[in-house]
Amino acid sequence: MTLFEMLIYLADFTSEDRHYPDVDIMRKKTDENLYSAMLYSLTYIIKSVVEENRFLHPDTLSCYNCILEKMEG
């Protein structure tokens, strides 16, 4: 994901019309560190999808791994 794509994704994920349990945490993380916010959001999404026994798109896992790799250096 490019920096621009992360900004768009996080802007949508934290917009004022979003109401989900961790939205305030997400907004704070987005203000602090984009990579940390991305990792948190992807973890949140993956956990939610798995708990609901829904299909998890491979691109979601790929993005998660990519962000984690960038954070670890």
Side-chain angles (χ1 to χ4, degrees):
M1 231 180 197
T2 66
L3 180 59
F4 181 71
E5 290 168 329
M6 284 194 303
L7 290 171
I8 297 298
Y9 173 85
L10 291 170
D12 178 56
F13 207 79
T14 60
S15 70
E16 287 297 319
D17 62 333
R18 299 292 183 200
H19 304 285
Y20 55 91
D22 287 8
V23 70
D24 291 327
I25 294 170
M26 275 304 307
R27 289 178 181 139
K28 183 177 183 201
K29 286 191 172 289
T30 300
D31 288 340
E32 296 171 351
N33 182 293
L34 292 181
Y35 286 102
S36 178
M38 283 297 301
L39 189 62
Y40 191 90
S41 70
L42 290 163
T43 301
Y44 181 87
I45 292 297
I46 291 167
K47 182 180 174 187
S48 297
V49 169
V50 169
E51 286 176 352
E52 295 172 10
N53 293 318
R54 295 185 305 156
F55 174 74
L56 182 60
H57 198 281
D59 288 348
T60 304
L61 286 175
S62 178
C63 185
Y64 174 85
N65 288 333
C66 183
I67 295 298
L68 191 59
E69 186 176 287
K70 287 181 181 184
M71 290 181 69
E72 291 182 350

Could you give all pairs that pass the side-chain hydrogen bond (donor to acceptor under 3.5 Å, both in side chains) test and reach residues 47-57, with sequence neighbours left out? Glu52-Arg54
Could you tell me if the side chain of Lys29 sits less than 4.5 Å from the side chain of Ile25, heavy atoms only? yes
Return all side-chain donor-acceptor pairs below 3.5 angstrom for residues 64-73, not counting sequence neighbours, or 'none' if the list is empty.
| unit_1 | atom_1 | unit_2 | atom_2 | d |
| --- | --- | --- | --- | --- |
| Asn65 | ND2 | Leu61 | O | 3.4 |

Kindly give the heavy-atom pair with the smallest separation between Leu34 and Thr30, and that separation in Å. CD2-O, 3.9 Å
Go through the structure and list residues passing salt bridge (Lys or Arg N to Asp or Glu O under 4.0 Å) with Asp31, not counting sequence neighbours. none
Starting at CG of Asp24, measure out to NE2 of His19 and round the result to the nearest 0.5 Å. 10.5 Å
Under 3.5 Å donor-acceptor pairs involving side-chain atoms of residues 2-15, not counting sequence neighbours:
| unit_1 | atom_1 | unit_2 | atom_2 | d |
| --- | --- | --- | --- | --- |
| Thr2 | OG1 | Glu5 | N | 3.1 |
| Thr2 | OG1 | Glu5 | OE1 | 3.3 |
| Glu5 | OE1 | Thr2 | N | 2.8 |
| Tyr9 | OH | Ser41 | OG | 3.4 |
| Asp12 | OD1 | Arg18 | NH2 | 2.6 |
| Asp12 | OD2 | Arg18 | NH2 | 3.1 |
| Thr14 | OG1 | Leu10 | O | 2.6 |
| Ser15 | OG | Asp12 | O | 3.4 |
| Ser15 | OG | Asp17 | OD1 | 2.3 |

Shortest non-hydrogen pair, Met26 vs Ala37, comes out as CE-O, 3.5 Å
For Phe55, the hydrophobic cluster (side chain heavy atoms closer than 4.5 Å, chained through members) also holds none
Taking only residues two or more places apart in sequence, or in another chain, which ones meet Asp22 in a side chain to side chain donor-acceptor pair (under 3.5 Å)? Tyr40
